[in-house]
Amino acid sequence: MKPKHQRMLLAGLALVAVLGAAGLALSGLKDEAAFFYAPADARAAPPEPGRAVRLGGMVASGSIQRARDGVTIHFIVTDGKDSVPVSFTGVAPDLFKEDSGVVAEGHFNADGSFTATNLLAKHDERYMPPEVAGAMHKSETLEP
Amino acid sequence: MLGNGQAVALHIAAIRKWILVAKLGRAARNVLHALANPTRFLKLARPLTPLFFWVGTALALFGAWAGLTQTPPDYLQGESVRILYIHVPAAWLGMGGWSGVAVASLVYLIWRHPLASIAARAVAPAGALFAILCLITGSIWGRPTWGTWWEWDGRLTSMLLLFFVYLAYIALARADADRGGDGRVPALFGVAGTVLLPIIRYSVVWWNTLHQGQSIGLTSSKIDASMLWPLWFTLFGFTFFFAGIALMRMRTLLAQAKVEARMKRMAQS
C-alpha cells in the first residue's frame with residue numbers, strides 16, 4: 001500500500017468515526033433538543049405543572065377569545081392530534097393569529113391547561129404575494 | 001455458452017473500457033496537478049480575482065435592488081420578507097464556505113499539496129463573515145416576524161456553533177502557521193467540523209424548531225415565483241464575490257509565504 005492510499009484509508013476511517021460519534025450524540029439529544037412540546041407530546045409525557053416549558057402548534061381557528069380586561073387572551077393550541085387551552089396576558093406578536101403557528105413560553109397547570117408568559121409567532125416555509133395567498137391559503141393546513 | 005471468438009471479443013471490450021477509464025482518470029489528475037502548481041495557479045487567479053469580484057458585486061447589487069423594489073410583499077410578513085434576499089445567500093455561503101474548508105483540508109491530508117492548505121485558510125474568514133451575516137440578518141428578521149431577537153432552537157444554535165467553529169479554525173490555523181507547523185492539525189479540524197453541516201441542514205426536520213423548514217429544494221420552491229427570481233441574482237452574486245475574496249486571500253497567503261522564505265534565506269546567508 002502506498003502512503004497516499006494509507007492516508008486516504010485513515011482519513012476515510014476518521015470521517016466515518018466522527019460521523020458515527022456525531023450520530024450517536026444526536027440520537028441521544030433527540031428529545032432534549034426539541035424547542036417546544038407539541039400538544040400530543042405533552043399528552044404522552046406530561047411535563048410537571050409549574051415547570052418552565054414551551055408549547056408549540058397551530059392556533060385553532062375561531063378559538064381566540066379576548067377577556068374583559070383587554071390584555072388577556074384565551075386560545076387553543078392544536079397539532080391535529082391533541083389540543084391544549086392556553087391563556088396569555090400581554091402583547092402578542094403581529095403574526096399571532098388563528099390558523100397560524102405559535103410557540104408559547106410558560107408552564108402547564110394541574111388541570112392540563114397552559115399559562116403563557118410570552119408568545120412567539122411561528123411561520124411556515126412558504127412565501128407568496130397577498131393575491132396568491134388569498135387564492136390558496138384557505139385550502140391548506142399548516143404543519144407546526 | 002459463448003463461442004470462443006465471442007468471449008475474446010468481450011474481454012477485449014472490457015479491457016478497452018478500463019483503459020478508457022484509466023485515461024480519463026489520468027486526464028483529470030493532470031488537470032488537478034496543473035492547477036496545483038502555484039505558478040500556474042497565480043497566472044489564472046490574477047485575472048479571475050477582479051472578474052469574480054466585480055461580476056459578483058454587480059449581480060448582488062442588482063438582486064438587492066430588485067428584491068427591494070420589484071417584488072410583491074409577503075401575504076403574512078409584509079415588507080420584512082425582503083431581508084431573505086440577503087439572509088439566504090449568507091446562510092448558503094456560511095455553510096458552503098465550510099464545505100470548501102473541509103474539501104481543501106481533505107485534499108491536503110491525502111495529497112499533501114500546500115496549495116490545498118492555503119485554500120482552506122483563505123476560505124475560512126470569508127465563510128465566517130457570511131455565517132455571522134446570516135445570524136445578524138436572521139436576528140433582525142426574527143424580531144418583527146417571530147417576536148424575538150434570538151431563541152435557542154436547533155437551527156439557530158447549530159448555525160451559531162458553525163460560526164464559533166470558524167473562529168476556532170482561524171485561530172488554530174494561524175497558531176499553527178506561526179509555529180511553523182505543516183498545517184496538518186488545522187486540516188484535521190477542518191474535516192471534523194463538517195459534521196455540523198448536516199446538523200444545520202436537518203435541524204428543522206429532526207427537532208421541532210422555531211425556524212421554519214426548507215423553502216428551496218432541488219426541484220421545487222415554496223417561495224412564489226414572483227418573489228423568488230431576485231434571490232438567484234443575490235445568490236450567484238454573493239457566490240462570485242466570495243470566490244473573489246477567496247482568490248485574493250490565497251494570493252496574499254502565497255505572497256506572504258514567498259516573503260518569509262526569502263527572509264529566511266537572507267538571514268542564513
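No hydrogens, no waters, no symmetry mates; every other heavy atom, side chains included, goes into these values.
- Heavy-atom neighbours of B/W92 CH2 from other residues, nucleotides or ligands within 6.0 Å: at or below the threshold of 12.
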Name each donor-acceptor pair under 3.5 Å that joins a side chain in residues 47-55 of chain A to protein atoms two or more places apart or in another chain, with its distance.
from, atom 1, to, atom 2, distance (Å)
A/R54, NE, A/E105, OE2, 3.2
A/R54, NH1, A/F35, O, 3.0

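- For a residue to count as touching a neighbouring chain, one of its non-hydrogen atoms must lie under 4.5 Å from one of that chain's; by this rule B/S226 touches chain A with the side chain only.
- The CG atom of B/L76 sits 4.5 Å away from atom CG of A/L95, with the distance rounded to the nearest 0.5 Å.
- Contact annotation: the side chain of A/H123 approaches that of B/Q77 to within less than 4.5 Å [non-hydrogen atoms, C-beta and beyond].
- Annotation: the span from B/D153 atom CG to A/F36 atom CZ amounts to 9.0 Å, rounded to 0.5 Å.
- Of all heavy-atom pairs between A/E125 and B/Q214, the closest is CG-O, 3.5 Å.
- Heavy atoms of A/D41 lying under 4.5 Å from chain B belong exclusively to its side chain.
- Counting only distance, with no hydrogens or angles, the side chain of B/K222 and the backbone of A/D124 share no donor-acceptor pair below 3.5 Å.
- Counted within 6.0 Å of CD on A/E98, heavy atoms from surrounding residues, nucleotides or ligands total more than 12; the atom is thus considered enclosed.
- For the options B/T71, B/I199, B/L84, heavy-atom pairs under 4.5 Å to chain A are most numerous at B/I199.
- Residues B/M227 and A/Y127 approach most closely at SD-C, 3.8 Å, considering heavy atoms.
- With a 6.0 Å radius and a threshold of 12 heavy atoms from other residues, nucleotides or ligands, B/R112 has its CZ atom above the threshold.
- Only the backbone of B/L109 comes within contact range of chain A, with at least one heavy atom under 4.5 Å from a heavy atom of that chain.
- Using a 4.5 Å cut-off between non-hydrogen atoms, the part of residues 10-18 of chain A that approaches chain B consists of A/A11, A/L15, A/V18.
- Side-chain contact between A/M8 and B/W111: present, with at least one pair of heavy atoms (C-beta onward) separated by less than 4.5 Å.
- We find the CH2-CG distance between B/W146 and A/D94 to be 15.5 Å, quoted to the nearest 0.5 Å.
- In this structure, chain A has no heavy atom under 4.5 Å from any part of B/I216.
- The OG1 atom of B/T148 sits 12.0 Å away from atom CG of A/L119, with the distance rounded to the nearest 0.5 Å.
- Inter-residue side-chain proximity for A/L26 and B/Y202 is flagged as unmet; no heavy-atom pair is nearer than 4.5 Å.
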Review point. Given the rule in the side-chain contact (heavy atoms from CB on, under 4.5 Å) test, do B/I223 and A/R126 qualify, once you have shown the distances and angles that lead to the verdict?
Key: CA-CA 5 Å; B/I223 302 177; A/R126 293 176 303 164; over 6 Å; no
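- In terms of heavy atoms, B/Y75 sits closest to A/P130 at CB-CA, 3.7 Å.
- Of all heavy-atom pairs between B/L210 and A/A121, the closest is CD1-O, 3.9 Å.
- Residue B/V81 touches chain A through its side chain alone, counting heavy-atom pairs closer than 4.5 Å.
- Listed options B/P144, B/S215, B/S203, B/P72 were ranked by heavy-atom pairs under 4.5 angstrom with chain A; first place goes to B/S215.
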